[in-house]
**Student:** 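What follows is a structure written as C-alpha cells; I'll ask about it next.
Naming: A, B, ... by sequence-line order, numbering from 1 per chain. The analysis underlying the following values was restricted to heavy atoms, covering all of them including side chains, and did not include hydrogens, waters or symmetry mates.
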Protein chains: 2
Amino acid sequence: MTTKTKSTGAGALPLNSILSGDCIEAMNSLPAASVDLIFADPPYNLQLKGDLHRPNNSLVDAVDDHWDQFDSFKAYDTFTRAWLKAAQRLLKPHGAIWVIGSYHNIFRVGSALQDQGYWILNDVVWRKSNPMPNFRGKRFTNAHETMIWASKSEGAKYTFNYEALKALNEGIQMRSDWVLPICNGGERLKDEKGDKAHPTQKPEALLHRVLVAATNPGDVVLDPFFGTGTTGAVAKKLGRDFIGIEREAAYREIAEKRISKVRRFDRASLEVTQGKRAEPRVPFGQVVERGLLSPGEELTSLNGRHRARIRADGTLVALDTKGSIHQVGARLEGAPSCNGWTYWHFRRDGQTVPIDLLRQQIRAEMQS
Amino acid sequence: MTTKTKSTGAGALPLNSILSGDCIEAMNSLPAASVDLIFADPPYNLQLKGDLHRPNNSLVDAVDDHWDQFDSFKAYDTFTRAWLKAAQRLLKPHGAIWVIGSYHNIFRVGSALQDQGYWILNDVVWRKSNPMPNFRGKRFTNAHETMIWASKSEGAKYTFNYEALKALNEGIQMRSDWVLPICNGGERLKDEKGDKAHPTQKPEALLHRVLVAATNPGDVVLDPFFGTGTTGAVAKKLGRDFIGIEREAAYREIAEKRISKVRRFDRASLEVTQGKRAEPRVPFGQVVERGLLSPGEELTSLNGRHRARIRADGTLVALDTKGSIHQVGARLEGAPSCNGWTYWHFRRDGQTVPIDLLRQQIRAEMQS
DNA sequence: CAGCGTTTTGAATCCCAGG
DNA sequence: GCCTGGGATTCAAAACGCT
C-alpha cells in the first residue's frame with residue numbers, strides 16, 4: 001500500500017493508511033475540513049441476553065464482543081455524539097457521512113445527526129437477500145439494515161452521481177432500498193482457525209455503491225470503525241484515497257494485508273456515466289437566437305389548456321403573466337415549479353412536440 | 001357503524017367510533033390498560049401547522065416562521081414523547097404499538113420509544129412498489145417508509161401470529177421488508193373536486209398485514225392519528241374493534257362514511273393458521289396410562305444410535321441416565337434440548353414411527 | 001470431474017405455562 | 001415474584017462429501 005500525504009492548512013493527511021487508537025482522538029488529530037466522505041459502521045449496541053440455538057441445536061455465534069457493550073442508551077448516546085462531532089469537524093463543507101446500523105442503534109444515530117446539524121439526505125435500506133432467519137418464530141426475520149446518508153449541514157452541497165447510480169440500476173433511478181447479499185463465501189475473511197475474522201464484515205458491493213454514489217475519484221474517504229477494511233479495499237479499487245481508524249491491532253493487521261492485495265481498477269472503468277447535469281446548459285434564448293423557434297410563435301402546454309407567445313429575448317408571454325418558460329408554466333399551473341422544456345410544445349409537421357427536442361438538437365450540435 | 005362499549009374498571013371504552021379533538025387529551029380520557037394494539041401514523045412534517053407546542057407550551061406558529069432547526073426538533077420531540085406516554089398508559093400489559101414514519105421523524109420516534117421503556121421488536125420497512133420518483137435527480141428515490149413495532153415494556157409478552165404471516169408469505173417466514181404498492185386507484189379516497197382527500201392515506205394492505213400479525217379477532221385497536229380511517233376500515237373487515245382519534249372534522253366525516261360501507265369478513269375467514277404452541281399439552285405419561293405404550297417397551301432414537309426403556313411413570317431409562325423423554329434425549333445427544341416426541345421412535349407394523357403419532361392420537365380423542 | 005445430497009453459518013435485543 | 005422443565009423453532013448460499 002502506498003501511503004501518501006496531502007498537506008493542508010492544518011497539517012498533513014495520512015492517506016491510505018490505518019490509524020490506531022480511539023477513533024475520536026484519532027479524528028481530532030487530523031486537520032479540520034479535510035475529508036470528502038465518512039463511512040461509519042459503529043457498534044450496534046446489541047443487547048443480547050442468553051444463548052440462542054438453531055432448531056438443529058447448534059449455537060448461533062453471536063456478536064458478544066467487548067466493543068459492542070454499553071451500559072445504557074445514555075452511554076451509547078454519549079459515545080455516538082462524541083464521534084459524530086469529531087467527524088463533522090473533519091468533513092469538508094460539501095462533505096457527507098454514511099452511517100449504518102440496525103434498530104438497536106440507528107434511531108439514536110439518526111437523532112444525534114439531526115441534533116448536531118447534519119442534514120439527512122436519505123435513509124437507505126440494505127435488504128439482505130440471505131439474512132439469518134428468526135429461529136424461534138417470535139418476530140419477523142431481521143432482513144435489513146439501515147444506512148443514513150447526511151450532508152455536513154442543511155443546504156450544503158454534496159456529491160451524488162445520479163446518472164452513475166441510474167446506470168447501475170439498468171437505467172432506472174436508484175431507489176432507497178438496495179438488495180445485496182451478506183458477506184460470505186470467498187470474500188469473507190477467515191482467521192487461522194477458519195473462523196470469521198470479524199463478526200460483522202460488510203460486503204464490498206455495499207461500499208462500492210456508496211462510494212460510486214457519493215464520491216469522485218481522488219476523494220478522501222474516512223472510516224472511523226475500519227474493522228477489516230472493506231471501506232479501504234473498495235476505496236482503493238475505485239481510485240479514492242482512504243483513511244482508516246481501528247482500535248484492535250488484529251483487525252488492522254488483517255486490513256493492511258487485505259488492502260495491499262487490492263488492485264485499483266483502470267481509469268477507464270472508473271469513469272462514471274455522466275449525468276444530464278453535466279451536460280451543457282442551454283438557455284431557451286439560444287433556441288430563439290438560432291431560429292429554431294421565432295419570436296411571436298405560439299407554444300401550447302402539455303395538457304393543451306394554456307398558450308404562450310415567444311418573445312425575442314427568449315421569454316414567454318401568456319394571458320396575464322410573463323417570464324421564463326419555467327416560470328410561466330409554473331404560474332399557469334399554479335405549481336411551485338415546472339420544467340418548461342417538457343411542458344411547452346410546438347407544432348412540427350402537423351405533430352405537437354416538446355421544445356426539449358430543440359434543446360437536444362442544440363446539444364447534439366454542440367457535441368460535434 | 002355499530003358503536004359498542006366495553007366496560008372496564010376505569011370506565012367505558014367507545015368502541016368502533018371516532019373521537020374528536022387532541023389525541024393526547026382523548027387518550028387520557030380513556031381507561032388505562034384497555035387497548036391491545038396502537039397503530040400510529042403521526043405527522044412527520046416538522047412544520048406542523050399548529051400541532052406543535054414549544055417546551056414552554058407556547059404555540060408554534062409554523063407556516064411562515066423561520067424555523068430554527070433545534071427548536072423544531074425539540075418541539076417535535078416534546079409532542080412525540082407526550083403522545084407516546086399517553087399511548088403507553090392505554091396499552092394492556094401485553095399490548096404493542098406500531099408507528100410509521102420516514103427519515104424526517106422516525107429517528108425521533110424510535111429514540112423516544114426506547115427512552116420511554118417500550119421494547120422494539122422489529123423495524124419493518126414498507127418498500128413501495130410504485131414510489132414517487134425523485135424528480136430533481138439529487139437523491140435516491142424515496143422508495144420506502146419505516147415502521148417500528150414495539151411492546152409496552154422489555155420482556156412483555158406480545159401477540160405475533162407467526163404461522164399466519166408465514167402462510168401469507170407462501171410458507172416462508174415473513175421478513176422485515178414488505179413490498180406493497182402505495183394507495184391509489186379505487187382505494188384512494190377523493191374529495192368533491194376529485195383531489196385526494198388525504199395526503200398520506202395508507203394502503204389497506206399494509207394495515208391488513210399489521211393487524212393480522214399483531215392482533216386477534218375481538219382485540220381493541222386504537223389509532224390516535226386516524227385520518228381517513230384506514231386502520232378502522234381494516235379493523236372492521238378483520239373483526240377487530242377500533243377506536244379512532246382525529247382532530248379534523250372533515251377527515252372524521254370521510255372516515256365515518258368509509259367505514260360504514262365496510263363489511264366484516266365472515267367469521268370463518270378471519271381464522272388464521274395456528275402454531276403448534278396453541279395445541280393442548282399432552283404429558284408422555286398419558287401415553288403410558290392409556291396403554292398406547294407399555295412400561296418396559298424399548299424406544300429408539302431418531303438416528304437409531306440410542307435406546308431407552310419406558311417406565312410406569314412415563315419416564316425413560318437409558319444406559320446411564322433417566323428422566324423425561326426430552327431430558328434423556330438431550331443428554332444422550334449432548335444437546336442443550338431435545339423434543340422427545342419427535343426424537344423417540346417405536347415399532348408399529350414393522351415400521352419405525354415417532355411417538356408423536358400417539359400424542360396426535362390422544363389430541364384427536366380430546367377433540368371429540 | 002460432474003452431480004447431488006448433507007452440513008454449516010450469518011449484527012439476534014428469539015418461550016412460557018405451571019408450580 | 002422466581003424457578004423448573006416441556007418442547008417448539010430456520011432460510012439462503014456456500015462448503016463439504018459421497019458416488
Side-chain angles (χ1 to χ4, degrees), chain A residues 41-65 67-70 73 76 100-106 126 128-146 181-188 190 194-196 198-203 225 227, chain B residues 94 114 118-123 149-151 154-158 160 162-163 166 169-176 275-285 314-315 323-330 335-344 355-356 359:
Chain A
D41 182 11
Y44 285 10
N45 188 27
L46 300 184
Q47 296 153 58
L48 305 175
K49 300 291 191 287
D51 286 345
L52 179 64
H53 292 89
R54 298 187 181 80
N56 67 4
N57 273 326
S58 64
L59 182 66
V60 173
D61 183 15
V63 180
D64 51 5
D65 305 68
W67 47 255
D68 199 46
Q69 309 296 322
F70 292 84
F73 283 127
Y76 188 79
I100 185 167
S102 67
Y103 66 84
H104 310 84
N105 71 324
I106 200 66
W126 168 27
K128 302 177 185 182
S129 56
N130 51 349
M132 181 154 72
N134 183 289
F135 294 116
R136 306 302 291 266
K138 296 304 294 178
R139 303 183 178 190
F140 298 102
T141 311
N142 222 319
H144 74 275
E145 293 186 23
T146 301
I182 60 176
C183 181
N184 56 16
E187 187 186 326
R188 188 80 193 223
K190 304 283 164 61
D195 298 327
K196 55 190 174 190
H198 191 282
T200 68
Q201 186 184 341
K202 295 292 175 290
F225 307 98
Chain B
H94 298 342
Q114 291 176 317
Y118 286 99
W119 194 247
I120 297 181
L121 301 168
N122 274 117
D123 60 334
W149 174 34
S151 61
E154 180 177 354
K157 200 167 119 71
Y158 54 89
F160 181 50
Y162 174 76
E163 291 291 339
K166 192 171 170 176
N169 198 34
E170 293 182 329
I172 293 166
Q173 72 177 201
M174 186 68 77
R175 299 166 41 115
S176 59
K276 289 182 190 166
R277 287 188 178 99
E279 297 196 35
R281 263 163 103 133
V282 177
F284 180 67
T315 58
S324 73
I325 52 173
H326 314 294
Q327 290 169 332
V328 174
S337 70
C338 170
N339 184 342
W341 290 106
T342 53
Y343 179 76
W344 292 111
I355 58 175
D356 197 40
R359 180 171 63 162

**Student:** Parallel, tilted or perpendicular, judged at 30° and 60°: which one describes the rings of His198(A) and Trp67(A)?
**Tutor:** parallel
**Student:** Identify whether the distance between the nearest side-chain nitrogen and carboxylate oxygen of Glu187(A) and Lys202(A) falls below 4.0 Å.
**Tutor:** no
**Student:** Over how many whole Å does the gap from Glu279(B) atom CD to dG7(D) atom C1' extend?
**Tutor:** 13 Å
**Student:** Please report the interatomic distance CD1(Ile106(A)) to CG(Asp123(B)), rounded to the nearest 0.5 Å.
**Tutor:** 9.0 Å
**Student:** Would Trp149(B) and Phe140(A) count as a ring-ring contact (aromatic ring centres under 6.0 Å, His included) here? Give the steps.
**Tutor:** CA-CA 10 Å; Trp149(B) 174 34; Phe140(A) 298 102; 5.4 Å; yes
**Student:** Return the value, rounded to whole Å, for the distance between atom CD of Glu187(A) and atom P of dA15(D).
**Tutor:** 12 Å
**Student:** Tell me whether Lys276(B) at atom NZ has more than 12 heavy atoms from other residues, nucleotides or ligands lying less than 6.0 Å away.
**Tutor:** no
**Student:** What interatomic distance, in whole Å, is found between P of dG10(C) and the corresponding atom of dA8(D)?
**Tutor:** 28 Å
**Student:** Starting at the 5' end of DNA chain C, what dot-bracket string do you get if Watson-Crick and G-U pairs under 3.5 Å are bracketed, crossing pairs use [ ], other-strand pairs use | and unpaired bases use dots?
**Tutor:** .|||||||||....|||||
**Student:** Any donor-acceptor pair under 3.5 Å linking the side chain of Thr141(A) with the backbone of Ala143(A)?
**Tutor:** no
**Student:** In this structure, how many angstroms lie between the P atom of dT10(D) and the CG atom of Asn169(B), rounded?
**Tutor:** 13 Å
**Student:** Give me the distance, rounded to whole Å, that separates dG5(D) from dA11(C) when you measure between the P atoms they each carry.
**Tutor:** 36 Å
**Student:** At less than 4.0 Å, is any side-chain N or O atom of Arg175(B) found next to OP1 or OP2 of dA12(D)? Yes or no.
**Tutor:** no
**Student:** Kindly say whether Gly101(A) contributes a backbone atom to a donor-acceptor pair with the side chain of Thr146(A) at under 3.5 angstrom?
**Tutor:** no
**Student:** Can you tell me how far P of dC15(C) sits from NE2 of His94(B), to the nearest Å?
**Tutor:** 15 Å
**Student:** With P as the reference atom in both, quote the distance from dG17(D) to dC1(C) in angstrom, rounded to an integer.
**Tutor:** 16 Å
**Student:** Which value, in whole Å, describes the distance between the C1' atoms of nucleotides dT13(C) and dA12(D)?
**Tutor:** 23 Å
**Student:** Produce a footprint string for nucleotides 1-14 of chain C: one letter per nucleotide, 5' end first; B if the base is under 4.0 Å from any protein heavy atom, S if only the sugar-phosphate is, - if neither.
**Tutor:** --------BBBBBB
**Student:** Among side-chain atoms of Tyr44(A) and Glu145(A), is any donor-acceptor pair under 3.5 angstrom?
**Tutor:** yes
**Student:** Please tell me which of Pro181(A) and Cys338(B) maps to the more 5' nucleotide of DNA chain D, matching each residue to the nucleotide holding its nearest heavy atom.
**Tutor:** Cys338(B)
**Student:** CG/Asp68(A) to CG/Leu48(A) distance, rounded to the nearest 0.5 angstrom?
**Tutor:** 7.5 Å
**Student:** For dT13(C), does the O4'-C1'-N9-C4 or O4'-C1'-N1-C2 angle fall within 90° of 0, making it syn, or is it anti?
**Tutor:** syn
**Student:** Give each protein N/O atom lying under 3.5 Å from an N/O atom of nucleotides 2-6 of chain D, with the pair distance.
**Tutor:**
{"unit_1": "dG6(D)", "atom_1": "OP2", "unit_2": "Ser324(B)", "atom_2": "OG", "d": "2.8"}
{"unit_1": "dG6(D)", "atom_1": "O4'", "unit_2": "Arg281(B)", "atom_2": "NH2", "d": "3.1"}

**Student:** Which is true for Phe284(B) with a 4.0 Å heavy-atom rule: it touches a base, it touches only sugar-phosphate, or it touches nothing?
**Tutor:** nothing
**Student:** Atom OH of Tyr343(B) and atom CD1 of Ile325(B): how far apart are they, to the nearest 0.5 Å?
**Tutor:** 12.0 Å
**Student:** Please give, in whole Å, the distance from dC11(D) P to Phe140(A) CZ?
**Tutor:** 14 Å
**Student:** For dA8(D) and Tyr343(B) - does any side-chain N or O of the residue sit under 4.0 Å from the phosphate oxygens OP1/OP2?
**Tutor:** no
**Student:** Using a 4.0 Å heavy-atom cut-off, does Ser129(A) contact any base of the nucleic acid, only the sugar-phosphate backbone, or nothing at all?
**Tutor:** sugar-phosphate
**Student:** What I want to check is whether the side chains of Tyr103(A) and Asn122(B) have a donor and an acceptor closer together than 3.5 Å.
**Tutor:** no
**Student:** Between Ser102(A) and His104(A), is a side chain to side chain donor-acceptor pair (under 3.5 Å) present by the stated rule, with each step listed?
**Tutor:** CA-CA 5 Å; Ser102(A) 67; His104(A) 310 84; 2.5 Å; yes
**Student:** Roughly how many Å apart are dT10(D) and dT6(C), using the C1' atom of each and rounding to a whole number?
**Tutor:** 16 Å
